[in-house]
Amino acid sequence: MLLTRLADVSREVAATSARSRKIALLAELFRDAEPDDVPVVIPYLAGRLPQGRLGIGWKLLGRRVEPAAEPSLTVREVDARLTAIGRVTGVGSQAERGRLVGALLGAATADEQRFLLGLITGEVRQGALEAVAVEGLAQATGAAAVDVRRAVMLAGSLQTVAQVLLTDGPPALDRFRLTVGRPVLPMLAHTASSVSEAVGRLGACAVEEKLDGIRVQVHRDGAEVRLYTRALDDITDRLPELTAAARELRGERFVLDGEVIALDERGRPRSFQETAGRVGSRVDVATAARAVPVSPVFFDALSVDGRDLLDLPFAERHAELARLVPEPMRVRRTVVAGPGDLPAAESFLAETLDRGHEGVVVKALDAPYSAGRRGASWLKVKPVHTLDLVVLAAEWGHGRRTGRLSNLHLGARTADGGFAMLGKTFKGMTDAMLAWQTERLQNLAVGSEGPVVRVRPELVVEIAYDGLQRSTRYPAGVALRFARVLRYREDKRPDEADTVETLLAAHPRVAP
DNA sequence: TTCCGACAGTGGGGTCGCAAT
DNA sequence: ATTGCGACCCCACTATCGGAA
């Protein structure tokens, strides 16, 4: 199949807003793909490269390449050339990758270039990614969409499911079962604004500590242990203490879901930055492990001794977990019968925060494990802080925000009467707010550097954030975590905005 | 007819490791 | 030795479509 066909379909998918039409367009393309093209065509139309990331970003792609006049590239040729680019390493590799990718783009028409650039940078922006591709695949093969989706979650990969499905037909989907050693996409949580809202929605539920660490899926089959991240990257080699812990558990074969976190001598959580730095260290693991030891904390069991537990209610899965894993290695929790038990749930949240953790996850006791989905049966609750800050600058947006001033630079007042930048945010704005702030900020503009428009510090905005973190980038030595706009405060003058001093006083453990 | 779940898009800060400077 | 870049951790929120209620 020619690449130009994919570029055309992608453009058509982007041009239609109807999801059903996007699905139909993808289905038609998948039906036409030859078996050998399938492993490439399916991931491409789901917006991903089958070989994952190639070490090529915007900087290496910055130079414009003269497009070819006529399409000639086949998808298999493109795939082969990208695989070759991904294999280039060592001294001079950046220049060589740049040269190879330039040559590839030179063989592509303007339309094909747009499509390839989107794929390589991971930004296809066609309003259709994996979920729509799954539906398209189902439509192309006559399989039920739910069955295809389930197979993808269990295989952890759309591509392998697509190949089996297109070669052997819908009955072959039965082959995809939870297998020890093969990671499953983890279940995710929605957000609730309070424990009472969460318990009100779920009824009988478990209220569990939410630890600020890194999600980990642990597979053990006899002596063999494997560890996977939320995106299913294999991180076994980086966390020897987790492998050892898994070997000490009583079961021989299991799959557990949990969090890995660095704790101090008193058992209090260290900062997320320390945990993430440790889990990210992969060259000198022994040294990193001595400096920042980590602990596993489990909260779910997906498979035990050959039994697939995914469809069991959470209460039963947890009973299996409790049989297998001793209490210190399980997440702290309390079980409540419903809204009548609200005080117990709320005091559990308060105690959890006292212990230094970030909040709780409220989980329905009767819910199955919805692999790969943000099921409504897990609700996280975290305290939200707010500040009134001053807009120091704004950046022009991309995509659907093109032509709008989008990303705000936020400052708090300093002792000397100036402002210290604490971070940026693009979150929380409605289309109406974007239009309003674009107009308003342009009237306050005093200059610009690249995409950044500096403004007179006159506009006050109320910001929600999850906490402070240490920063080497910002002048106060701290940055806001997950900042988002709540509303503009036109009733406030900039000299009424919050100060760095009060912010640091509110977060004494983070203050430099 | 209205409501709501699921998706895609739009980016944020930090850290590590590798290659370039 | 330092800097720049890309990959991945963590993540919130709005707009939209289309099926559920």
Side-chain angles (χ1 to χ4, degrees), chain A residues 13-14 16-23 47 52-62 88-97 120-135 149 188-191 211-216 229-233 235 238 259-260 271-284 288 358 370 372-376 380 382 384 395 397-402 404 406-410 422-434 463-474 478-486:
Chain A
V13 167
T16 175
S17 61
R19 199 179 137 96
S20 48
R21 177 79 186 127
K22 291 176 192 281
I23 292 167
R53 305 245 55 90
L54 299 173
I56 305 169
W58 281 111
K59 278 284 146 18
L60 266 170
L61 293 167
V88 178
T89 54
V91 174
S93 62
Q94 243 177 55
E96 177 66 1
R97 283 203 300 273
I120 293 169
T121 59
E123 298 176 11
V124 293
R125 297 172 205 245
Q126 59 184 11
L129 294 171
E130 188 136 314
V132 176
V134 163
E135 300 251 359
R149 192 179 306 129
L188 306 172
H190 273 294
T191 303
L211 305 179
D212 196 7
I214 294 195
R215 188 80 174 263
V216 64
T229 65
R230 179 178 144 167
L232 310 190
D233 268 13
I235 52 167
R238 304 186 210 167
E259 195 88 359
V260 57
S271 72
F272 174 75
Q273 284 156 305
E274 290 173 282
T275 296
R278 165 59 209 283
V279 176
S281 298
R282 46 197 191 273
V283 171
D284 187 356
E358 62 169 340
S370 317
R373 323 213 69 184
R374 212 170 269 288
K380 56 182 160 184
K382 295 188 281 186
V384 173
E395 297 175 19
H398 300 90
R400 70 183 299 280
R401 291 193 179 188
T402 301
R404 302 283 189 214
S406 170
N407 203 1
L408 304 179
H409 294 201
L410 305 169
L422 294 173
K424 309 180 190 179
T425 185
F426 58 91
K427 295 174 185 160
M429 297 141 186
T430 62
D431 287 358
M433 273 170 92
L434 280 163
I463 296 294
Y465 67 104
D466 276 23
L468 267 195
Q469 55 193 343
R470 287 285 175 85
S471 173
T472 54
R473 175 184 315 210
Y474 291 111
V478 293
L480 301 178
R481 195 160 180 217
F482 310 141
R484 60 266 191 192
V485 172
L486 293 179

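Quantities reported herein were computed from a predicted structural model and do not represent experimental measurements. Every chain is numbered from 1, with letters handed out A, B, ... down the list of sequences. Because only heavy atoms are used, hydrogens play no part in the values below, and waters and symmetry mates are left out as well, while side chains stay in.
- Neither OP1 nor OP2 of B:dG13 sits under 4.0 Å from any side-chain N or O of A:Gln469.
- Within the 4.0 angstrom heavy-atom criterion, no nucleotide atom of any strand lies near A:Thr275.
- Atom CZ in A:Arg238 sits 5.0 Å away from atom CZ in A:Arg282 (nearest 0.5 Å).
- Atom CZ in A:Arg278 sits roughly 13 Å away from atom C1' in B:dC16 (whole-Å rounding).
- OP1 or OP2 of B:dG13 has at least one side-chain nitrogen or oxygen of A:Arg473 nearer than 4.0 Å.
- If you measure from atom NE2 of A:His398 to atom P of B:dT10, you get 10 Å, rounded to the nearest angstrom.
- The residue A:Ala18 sits close only to the backbone: its heavy atoms come under 4.0 Å of sugar-phosphate atoms, none of a base.
- Between A:Val478 and A:Gln469 the shortest side-chain heavy-atom distance does not fall below 4.5 Å.
- For the pair A:Phe482 CZ and B:dG11 P, the interatomic distance rounds to 18 Å; values are reported in whole Å.
- Partners of A:Tyr465 by ring pair (Phe, Tyr, Trp, His ring centres under 6.0 Å), not counting sequence neighbours, listed by chain and number: A:His385, A:His507.
- Annotation for A:Arg470 and A:Gln273: closest pair O-NE2, 2.8 Å, computed over non-hydrogen atoms.
- Note on A:Lys22: nothing from the nucleic acid sits closer than 4.0 angstrom, heavy atoms only.
- Taken to the nearest 0.5 Å, the CZ atom of A:Phe426 stands 11.0 Å off from the CD atom of A:Glu395.
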Stepwise salt bridge (Lys or Arg N to Asp or Glu O under 4.0 Å) test for A:Arg401 and A:Asp431: CA-CA 9 Å; A:Arg401 291 193 179 188; A:Asp431 287 358; over 6 Å; no
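- Nearer the 5' end of DNA chain C, as judged by each residue's closest nucleotide, is the contact made by A:Ile214, out of A:Asp431 and A:Ile214.
- Contacts between chain A and DNA chain C, taken as any atom within less than 4.0 angstrom of a protein heavy atom, begin and end at C:dC5 to C:dG18.
- A heavy-atom distance below 4.5 Å is found between the side chains of A:Ile235 and A:Val279.
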Quick test: give all pairs of protein nitrogen or oxygen and nucleotides 19-21 of chain B nitrogen or oxygen below 3.5 Å, distance rounded to 0.1 Å.
| from | atom 1 | to | atom 2 | distance (Å) |
| --- | --- | --- | --- | --- |
| B:dA19 | OP1 | A:Gly90 | N | 2.6 |
| B:dA20 | OP1 | A:Gly92 | N | 3.3 |
| B:dA20 | OP1 | A:Ser93 | N | 3.4 |
| B:dA20 | OP1 | A:Gln94 | N | 3.3 |
| B:dA20 | OP2 | A:Gly92 | N | 2.8 |

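- Atom P of nucleotide B:dT10 and atom CG of A:Asn407 are separated by 13 Å, given to the nearest angstrom.
- In this structure, CG of A:Asp212 is placed 17 Å from P of B:dG13, rounded to the nearest angstrom.
- Rounded to a whole Å, the CG atom of A:Leu408 is 16 Å from the C1' atom of B:dG13.
- If you measure from atom CG of A:Leu410 to atom P of B:dG11, you get 15 Å, rounded to the nearest angstrom.
- The 5' end of DNA chain B is approached more closely, in terms of each residue's nearest nucleotide, by A:Thr425 than by the other of A:Gly280 and A:Thr425.
- Listed for the A:Glu358 side chain is no donor-acceptor partner under 3.5 Å among the backbone atoms of A:Lys382.
- Between the CZ atom of A:Arg149 and the CD atom of A:Glu135 there is a distance of 5.5 Å, given to the nearest 0.5 Å.
- A heavy-atom distance below 4.5 Å is not found between the side chains of A:Leu410 and A:Lys424.
- Panel note: side chain A:Ser271, backbone A:Glu274; a donor-acceptor pair is recorded below 3.5 Å.
- Contacts of A:Val13 classified as side-chain contact (heavy atoms from CB on, under 4.5 Å), with partners at least two apart in sequence or in another chain: A:Val9, A:Lys22, A:Leu25, A:Leu26, A:Gln126, A:Ala128.
- Taking NZ from A:Lys427 and CG from A:Leu408, the interatomic distance works out to 12.5 Å, rounded to the nearest 0.5 Å.
- Using a 4.5 Å heavy-atom threshold, the side chains of A:Leu486 and A:Ile463 count as separate.
- The overall bend of the helix from B:dA8-C:dT14 to B:dT21-C:dA1, read as the angle between its terminal helix axes built from five base pairs each, is 20° when rounded to 10 degrees.
- When heavy atoms are screened at a 4.0 angstrom cut-off, A:Lys427 is found touching base atoms of the nucleic acid.
- A salt bridge links A:Asp212 and A:Arg481; the closest N-O separation between the charged side-chain nitrogens and carboxylate oxygens is under 4.0 Å.
- If you find the closest nucleotide of DNA chain C to A:Val485 and to A:Ala231, the one lying nearer the 5' end belongs to A:Ala231.
- Both A:Leu480 and A:Arg125 lie near DNA chain B, and the one whose nearest nucleotide falls closer to the 5' end is A:Arg125.
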Using a cut-off of 4.0 Å between protein heavy atoms and nucleotide atoms, how would you tag nucleotides 1-7 of chain B 5' to 3' with B, S and -? -----SS
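- Using a 4.0 Å heavy-atom distance criterion, A:Ala479 is classed as a sugar-phosphate-only contact.
- If you take CD of A:Glu274 and C1' of B:dT15, they are 12 Å apart, rounded to a whole angstrom.
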